[in-house]
Structures are given as structure tokens and as C-alpha cells.
Number of protein chains: 2
Amino acid sequence: MRKKYSVGTKMKVAVDCIVFGFDGNRLKILLIKRGFQPEKGKWSLMGGFVNKDESAEDAAKRVLKKLTGLDGIYLEQFHTFTRPDRDPVQRTISIGYFALIDINKYKDSLHDNFKAHWFPIKEFPSLIFDHNEMVMMAQNRLQYKAASHSILFELLPEKFTIPMLQTLFEDVFNTVFDKGNFSRKMLSTNLLIKLKEKDKSNSKKGAFYYKLDRKHYQQNLHKILKLVPNPNDLL
Amino acid sequence: MRKKYSVGTKMKVAVDCIVFGFDGNRLKILLIKRGFQPEKGKWSLMGGFVNKDESAEDAAKRVLKKLTGLDGIYLEQFHTFTRPDRDPVQRTISIGYFALIDINKYKDSLHDNFKAHWFPIKEFPSLIFDHNEMVMMAQNRLQYKAASHSILFELLPEKFTIPMLQTLFEDVFNTVFDKGNFSRKMLSTNLLIKLKEKDKSNSKKGAFYYKLDRKHYQQNLHKILKLVPNPNDLL
DNA sequence: ACAAAAGTGTTTTACCTACACCCATGG
DNA sequence: CCATGGGTGTAGGTAAAACACTTTTGT
């Protein structure tokens with residue numbers, strides 16, 4: 001073993017996850033009731049420390065697995081928070097990740113360990129430390145990314161309708177779209193496969209279910225979705 | 001002082017900076033010859049450890065000041081690198097920043113301490129650790145950001161011509177633009193103020209110098225620049 | 001006068017928006 | 001049979017791409 005660097009201070013390194021979900025109506029985030037001091041009992045993001053032989057991404061996956069029971073979650077690092085006083089206990093930097101999950105796959109049974117709860121992104125409680133700031137930034141990054149990448153499908157169940165998609169987009173971008181144009185553009189991506197079945201929960205006529213063309217989706221993850229009117233107004 | 005967290009491992013936290021510059025012809029990055037072990041004498045990014053009572057951004061500013069002598073540099077955090085084995089000496093995570101500087105303000109006099117050198121982004125030497133990956137990611141982020149934000153002006157001197165701007169954009173986006181369309185779009189942003197003087201170094205006719213309308217620029221940092229053909233192909 | 005870069009004009013095409021309209025069906 | 005959301009058709013405007021053309025001036 002070589003000699004260590006003599007300069008620099010060692011610090012704890014944490015990950016914090018902003019978990020997004022969509023219940024068909026509103027974009028939500030998953031928060032937990034903190035189970036230890038300080039700030040025990042307050043709402044916070046789900047997080048954890050990065051272990052000795054683990055990358056931050058692995059740590060985030062581990063944390064998410066513990067919270068949701070799910071593997072293979074869409075995960076993206078968006079910012080690292082380093083204010084010296086951000087954690088009052090000990091100098092800790094936190095690497096922020098946002099995750100997109102299908103809210104239906106989420107197991108309520110795992111809930112109780114963490115006293116987790118889904119809050120609409122528009123009205124969640126005040127969080128500990130700098131977690132409010134983290135949520136804001138995660139939301140911006142979600143917008144930014146989703147403006148040109150078709151990542152929002154990660155939030156939807158296998159079968160979904162176009163009006164449902166539109167509701168999701170409208171909540172993410174905090175705006176409204178013309179339904180005709182939205183539907184046409186969405187279809188023109190060739191990312192959707194029409195199913196026979198209809199969802200009649202929102203209208204008499206019913207809206208056709210679609211599923212994602214996974215093949216096409218994988219090939220075009222990097223590609224266009226000119227769905228959002230002014231992507232340049234973001235971030 | 002409260003009790004510390006009993007879980008988690010402490011690690012060294014570093015910052016590494018990708019410093020971009022533009023010499024009128026090509027986009028370049030500033031690299032240094034590493035002055036200590038391991039990998040002494042190899043090319044690397046400029047970096048440093050984050051100190052006890054310092055944020056990562058402050059650390060990056062400090063490092064850049066030491067390297068370039070400059071304050072108020074455009075600086076943006078883009079990714080944190082955490083592979084457990086990325087630094088062979090000791091577990092170290094590194095927060096990556098990219099910086100945009102006016103290459104003319106850079107003082108060569110400070111050079112020698114670090115054996116720093118500008119390399120074209122298209123042909124720089126192999127770097128230590130994961131620094132190659134860092135440069136790639138920084139470049140992507142620069143593209144992504146510059147596609148819709150007018151940050152590339154940070155790379156230019158006070159006075160510049162439109163053909164010079166075009167060269168810069170072409171090198172950043174690794175493409176070519178129609179000069180007519182480019183010039184029209186650039187002018188239509190109302191970000192430029194035409195000067196009396198011409199630059200005749202590239203043609204007999206000469207190209208008018210422009211300067212940035214700083215007021216308009218500050219107000220519209222967040223705003224549009226529809227200069228790049230397919231911003232969606234990026235990242 | 002001519003070469004070469006700077007800058008302007010113009011045509012074509014693509015697509016985005018807005019909005020009118022038709023469709024399906026449960027009550 | 002009508003109210004309600006789902007979905008299609010279409011006219012008009014805007015802007016971007018392509019490229020021809022004019023300008024300027026050192027040699």
C-alpha cells in the first residue's frame with residue numbers, strides 16, 4: 001500500500017434520492033419520516049452513506065432497493081451538495097440522485113419501516129437540512145431532461161392512455177397542452193403501440209390503452225421528443 | 001458537539017476542473033503536468049482537495065485562482081465521480097467542474113508552476129485516473145448547456161467578430177453552420193453591439209467587431225439561442 | 001481586375017399552433 | 001338524445017435551411 005495523500009480532510013459521503021412517481025393524476029415524490037437523531041420524526045429524503053468499497057450509484061441503488069423493494073430503477077445523478085454546515089452533526093457531502101418509478105410496482109408493505117409517504121410535488125412538507133433545495137433542483141433536472149428525452153415513460157405502468165400521458169407531462173412541466181397536438185406528436189414518435197383495450201374511467205367513449213415499444217424506446221432513448229413547447233425556458 | 005454518525009466511511013473529497021478556452025480557432029482545455037506521486041509527470045486536470053470548512057465550489061474557485069490568477073470565472077458543477085478504485089492511493093471521490101475562461105486573460109506567467117498547457121479538445125494526451133472520462137462528460141455538458149444558453153461568450157474576448165463566434169460554435173458542436181443563417185440568428189438575439197472597428201486579419205473586407213450587450217445578456221442568460229440545429233441529439 | 005471572406009436576400013419547406021369538428025357511449 | 005371526454009382534420013403563420021448574390025478591399 002502506498003502512502004496516503006497528506007493534504008485534504010476526510011468526510012462522510014452520502015447519497016440522497018428524490019423518488020418520483022405518478023398516480024395517474026399528479027407527479028409525486030416519496031418521503032420518509034426520519035428515524036434517528038437529529039431531526040428525528042421530521043420528513044426527509046431517503047438517503048444513506050456511501051460505503052467503503054461502493055460507488056455512489058451502487059449506494060443509491062441499495063438505498064432504493066431497501067425503500068421500495070425494486071431493482072432496475074431509472075436513476076440519475078444530478079448534483080452534489082457540499083455546504084460545510086449542511087449537516088449539523090458532522091461534515092457530510094451528499095450526492096443527489098433522482099429516481100423514476102412506476103408507482104404501482106411500489107410495495108406499500110415496505111412502507112412502514114420508513115414511514116414513507118407519497119406527496120404531490122406541488123405540496124410536500126418542509127424537509128430537513130438542504131433537502132428542500134435538493135427537491136427543487138431534481139425537479140428542474142427532470143424537466144430539463146424530459147424535455148428532450150423520453151424518460152417519463154419510466155413513471156407509467158405497462159398500459160397507459162394518451163390523456164394520462166398528457167396529464168403527466170402537464171404536471172411535470174407545469175403547463176397545459178392542446179390535446180390534439182399532444183396526441184399527434186406523441187403518436188408520431190412511433191414509440192407507442194396501440195392496444196385493443198380502452199380505459200373508460202374518465203369518459204364514456206374511453207381512451208385506448210397504449211404500451212411502450214421497448215425496442216424502439218431503447219434505440220431512441222437519446223433521441224427527440226419535441227413535445228414541450230419551449231424547452232429553452234427551462235433551467 | 002453532538003455525537004457523530006456511527007455508520008458510513010470517511011473519504012477524501014476532491015474537485016477537478018476542466019478549463020475551456022478558445023484561441024480564435026479551436027476550443028482548448030488547460031492541462032497540467034502532475035507534480036507529485038503517483039503518476040508524477042503525467043498530464044492531468046487541475047484539481048485539489050476540499051478543505052474542512054469549504055464548499056466544493058469554493059475549493060474549485062481556489063484551485064482555479066491558483067492556476068490562472070483569475071477571479072469570477074464561469075464555473076459549473078457537472079458530475080461527481082465515485083468509483084472506489086478511481087484513485088489508487090486512497091479512496092477519493094471527485095466533484096467535476098467545468099470552467100469557461102477568456103484565454104487572453106490567462107496569465108502565462110502562472111503557467112510554469114504547474115507546467116500547464118493548452119490542448120485542442122480534439123487532440124489532448126491521455127490523462128491520469130478517470131480524467132479522460134471527466135473531459136468527455138464535461139464536453140457533453142458544455143454542448144448541452146450551450147445549445148440553449150449563451151454561455152460561450154464567456155470564452156471570448158471583449159471584442160469579437162461573428163465569424164469568430166461561428167468558428168467557436170462549430171468547434172464546440174463539431175459541425176458546420178451556414179454563415180448567412182448563423183449571422184442572422186446571432187444578430188436576432190439582440191445580444192450583440194456592433195462596433196466601428198473591423199478585424200482584417202482573416203479577409204480583405206474585414207469583419208466588424210461586436211461586443212456583448214452585458215445588460216441584455218444578464219437578463220437573458222436563461223433564455224434561448226436557437227443556433228444549434230439539433231440540440232436534441234446531444235447528451 | 002480578381003480572389004476571398006463578409007454579409008444580405010430570397011425561395012422553399014417543414015412543422016407547429018390554434019381551433020373547428022367528428023366520434024363513441026353511459027346515463 | 002345529449003353531455004363529455006377522446007380523437008381527427010385543416011388553414012395559416014413562423015422559422016429554419018439552402019443557396020444565390022452583393023460588398024469590400026488587399027494584392
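Computed from a prediction, not measured in an experiment: that's the story for all the values here. Atoms considered below: every heavy atom in the structure, side chains included; atoms not considered: hydrogens, waters and symmetry mates.
For Arg184(A), counting side-chain heavy atoms from C-beta on, the closest listed nucleotide (dG6(D), dC16(C), dC19(C)) is dC19(C). In the set dA16(D), dG7(D), dC19(C), the nucleotide with an atom closest to the side chain of Phe208(A) is dG7(D). Comparing atom distances between the Lys205(B) side chain and each of dC19(D), dT17(C), dT23(D) picks out dT23(D) as nearest. Of the candidate nucleotides dA6(C), dG26(C), dG26(D), dG26(C) has the atom lying nearest to any side-chain atom of Lys200(A). For Asp178(A), the listed nucleotide lying nearest its side chain is dC19(C); candidates were dG7(C), dT8(D), dC19(C). Distance from the side chain of Lys204(B) is smallest to dT25(D) among dT25(C), dT25(D), dA18(D).
In this structure, Asp199(B) places its CG atom 14 Å from C1' of dT25(D), rounding to the nearest Å. Across the protein-nucleic acid pair, Leu187(A) atom CG and dG6(D) atom C1' stand 12 Å apart, rounded to whole Å. Residue Asn25(B) contributes atom CG, which lies 13 Å from atom P of dA5(C) at whole-angstrom precision. Protein atom CE of Met164(B) is 11 Å distant from nucleotide atom P of dG7(C), rounded to whole Å. Distance CG (Asn181(A)) to P (dG7(D)): 15 Å, rounded to an integer number of Å. Regarding Gln166(A), its CD atom lies at a distance of 11 Å from the C1' atom of dG7(D), rounded to whole Å. When the C1' atom of dC16(C) is taken as reference, atom CZ of Phe182(A) falls 15 Å away, rounded to whole Å. Here dG5(D) presents its P atom at 18 Å from CD1 of Ile162(A), a figure rounded to the nearest Å.
Comparing Gly180(B) and Gly206(A) by the nucleotide of DNA chain C that holds the closest heavy atom to each, the one mapping nearer the 5' end is Gly180(B).
Sequence neighbours left out, the pairs with a member in residues 160-179 of chain B that pass salt bridge (charged side-chain N to carboxylate O under 4.0 Å, His left out) are Lys122(B)-Asp171(B).
Checked options Phe20(B), Trp43(B), Phe124(B); the residue passing with Phe119(B) is Trp43(B) (criterion: ring pair (Phe, Tyr, Trp, His ring centres under 6.0 Å)).
Looking at Lys179(B), its side chain comes within 3.5 Å of the base of dA6(C) through a donor and an acceptor atom. Side-chain atoms of Asn202(B) stay outside donor-acceptor range of the base of dA4(C), with no qualifying N/O pair under 3.5 Å.
Remark: the Asn25(B) side chain and the Asp23(B) side chain contain no N/O donor-acceptor pair separated by less than 3.5 Å. A donor atom on one side chain and an acceptor atom on the other are found under 3.5 Å apart for Asp16(B) and Ser94(B).
Within the 4.0 Å cut-off from OP1 or OP2 of dT17(C), at least one side-chain nitrogen or oxygen of Lys185(A) is found.
Below 30°, between 30° and 60°, or above 60°: for Phe169(A) and Phe182(A) the angle between ring planes is above 60°, a perpendicular geometry.
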